[in-house]
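Presented below is the structure to which this report refers.
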Amino acid sequence: TPLLTLMCGLSFSGKSTLALELRTRLDAEVFSLDVINAERGLYGGQGISGEEWQETHQIAQARARHALTGGRSVIIDDTASHRFLRDAWREVAAQGQARFRIVWLDIDTVTQHERLHMNRAAPSRHDVVDRVMAEHRASFEPPLDENAIRVDVRNAHEPKTIDDLVHSLHTHADPQA
């Protein structure tokens, strides 16, 4: 049975890096909303309208549905910052007859600001302007009551953390999305 793994967390929490680390371990395709935005000439860190985000989500959902119905597991690389977005991904998993799991990379404000400023000094990804970052943090709805696997970003990329996460994803994914 395929698995839809939804990465969830604030910007600079390490979702993209972890998604790529999990890709091989889970034999999954990664669909990044940042990549889809870039394909469309958009950059979320600069601010994108709700209508444009909706279009990006629709593209990602169509790609994920196609992979799931073909029997492939997928990892969705997104902030998944609102409950209604996570609920929409649950529905995509159900449509693809896939198991569903949220991986929440929980980052504190200090670590997030350190990573943001390190990126501004030596860019490894697109910037997130201060206004967008503040709005993002203020509106983020943590998946506290959604059976998410909570990962502390300080050790998210350690081999034991990844091994434990893969084990949890293989053994505890919700059979019903």
Side-chain angles (χ1 to χ4, degrees), residues 3-22 26 28 30-37 44-45 47-50 52-54 56-57 60-61 64 73-94 98-119 125-158 160-177:
L3 170 66
L4 189 157
T5 302
L6 178 62
M7 306 305 286
C8 176
L10 292 165
S11 297
F12 292 95
S13 61
K15 297 175 303 296
S16 298
T17 303
L18 186 57
L20 293 176
E21 291 177 15
L22 291 173
L26 298 175
V30 174
F31 297 107
S32 165
L33 277 77
D34 286 344
V35 169
I36 294 169
N37 277 331
I48 296 177
S49 73
E52 294 291 358
W53 273 115
Q54 185 176 12
T56 297
H57 276 92
Q61 290 169 354
S73 291
V74 300
I75 300 169
I76 305 302
D77 177 16
D78 184 32
T79 61
S81 57
H82 299 287
R83 175 70 183 249
F84 78 90
L85 295 171
R86 296 187 296 269
D87 288 344
W89 284 112
R90 279 185 189 84
E91 180 59 29
V92 169
R99 298 169 297 135
F100 177 79
R101 235 17 238 277
I102 297 170
V103 174
W104 174 27
L105 281 90
D106 192 8
I107 189 168
D108 62 273
T109 305
V110 171
T111 303
Q112 184 187 39
H113 283 293
E114 286 172 357
R115 290 180 178 186
L116 173 66
H117 291 291
M118 284 191 311
N119 186 69
R125 57 160 282 181
H126 285 285
D127 188 29
V128 177
V129 297
D130 292 336
R131 174 188 56 80
V132 172
M133 184 66 82
E135 290 169 2
H136 177 49
R137 180 169 275 289
S139 66
F140 185 79
E141 299 170 357
L144 296 173
D145 63 345
E146 298 177 65
N147 197 30
I149 301 170
R150 190 174 189 166
V151 177
D152 184 328
V153 300
R154 293 170 294 184
N155 60 14
H157 305 289
E158 293 177 7
K160 181 178 180 348
T161 301
I162 294 170
D163 288 345
D164 291 348
L165 178 55
V166 168
H167 178 75
S168 291
L169 289 167
H170 279 306
T171 58
H172 296 101
D174 293 339
Q176 290 203 280

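Keep in mind it's a predicted model, so treat the numbers as computed, not measured.
Looking at every heavy atom in both residues, Ala80 comes nearest to Cys8 through O-SG, 3.5 Å. Contact detail for Val153 and Arg115: the closest heavy-atom pair is O-NH2, 3.5 Å. Nearest heavy atom pair, residue Leu116 against residue Asp130, reads CD2-OD1, 4.2 Å. Taking every heavy atom of both residues into account, Leu4 and Ala98 meet most closely at N-CB, 4.3 Å. Between Gln112 and Arg137, the shortest heavy-atom contact is OE1-NH2, 2.8 Å.
Side-chain contact between Met7 and Asp78 is absent, with no heavy-atom pair separated by less than 4.5 Å. Annotation: side chain of Thr5 is in contact with side chain of Leu169 (closest heavy-atom distance under 4.5 Å). You'll find the side chain of Leu6 stays beyond 4.5 Å of the side chain of Val103, heavy atoms only. Contact of the Glu141 side chain with the Ser81 side chain is not registered, since no non-hydrogen atoms from C-beta on lie closer than 4.5 Å. Side-chain atoms of Arg83 and Asp145, non-hydrogen and from C-beta on, do get closer than 4.5 Å to each other. No side-chain heavy atom of Trp104 sits less than 4.5 Å from a side-chain heavy atom of Glu146. Here the side chains of Phe140 and Ser11 are not in contact, with every heavy-atom distance at 4.5 Å or above. In this structure, Val74 and Phe31 have side chains that are in contact, with non-hydrogen atoms separated by less than 4.5 Å.
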Original post:
How far apart are the C-alpha atoms of Leu33 and Ile76, what are their side-chain angles, what is the distance that settles it, and do they pass the side-chain contact (heavy atoms from CB on, under 4.5 Å) test?
Top reply: CA-CA 8 Å; Leu33 277 77; Ile76 305 302; 3.9 Å; yes
Original post:
Checking side-chain contact (heavy atoms from CB on, under 4.5 Å) for the pair Val92/Phe100: CA distance, chi angles, key distance, verdict?
Top reply: CA-CA 9 Å; Val92 169; Phe100 177 79; over 6 Å; no
**OP:** Kindly indicate, with the supporting measurements, whether the criterion side-chain contact (heavy atoms from CB on, under 4.5 Å) is fulfilled by Leu18 and Ile162.
**Re:** CA-CA 8 Å; Leu18 186 57; Ile162 294 170; 4.0 Å; yes
Original post:
Please walk me through it: do Ile149 and Ser168 pass side-chain contact (heavy atoms from CB on, under 4.5 Å)?
Top reply: CA-CA 8 Å; Ile149 301 170; Ser168 291; 3.8 Å; yes
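The aromatic rings of His57 and Trp53 are tilted relative to each other, their planes meeting at an angle between 30° and 60°.
Rounding to the nearest 0.5 angstrom, the gap separating the CG atom in Leu22 from the OG atom in Ser73 is 11.5 Å. Atoms CE and CZ, from Met118 and Phe12 in turn, are 9.5 Å apart once rounded to the nearest 0.5 Å. Summarising the geometry, atom CG belonging to Leu105 is positioned 4.5 Å from atom OG belonging to Ser13; distances are rounded to the nearest 0.5 Å. For the atom pair CD (Glu158) and CG (Leu165), the distance works out to 13.0 Å, reported to the nearest 0.5 Å. Of the inter-residue distances, the one linking Leu26 atom CG with Arg101 atom CZ reads 12.0 Å to the nearest 0.5 angstrom. In this structure, NZ on Lys160 lies 10.0 Å from NE2 on His167, to the nearest 0.5 angstrom.
Judged by distance alone, the side chain of Ser139 and the main-chain N or O of Glu135 form a donor-acceptor pair under 3.5 Å. Panel note: side chain Thr161, backbone Asn155; a donor-acceptor pair is recorded below 3.5 Å.
Salt bridge Arg90/Asp87: present, at least one basic N to carboxylate O contact under 4.0 Å. Taking the charged nitrogens against the carboxylate oxygens, Asp34 and Lys15 have no contact shorter than 4.0 Å, which rules out a salt bridge.
In the model, Asp108 has a side-chain atom that pairs as donor or acceptor with a side-chain atom of Thr111 under 3.5 Å.
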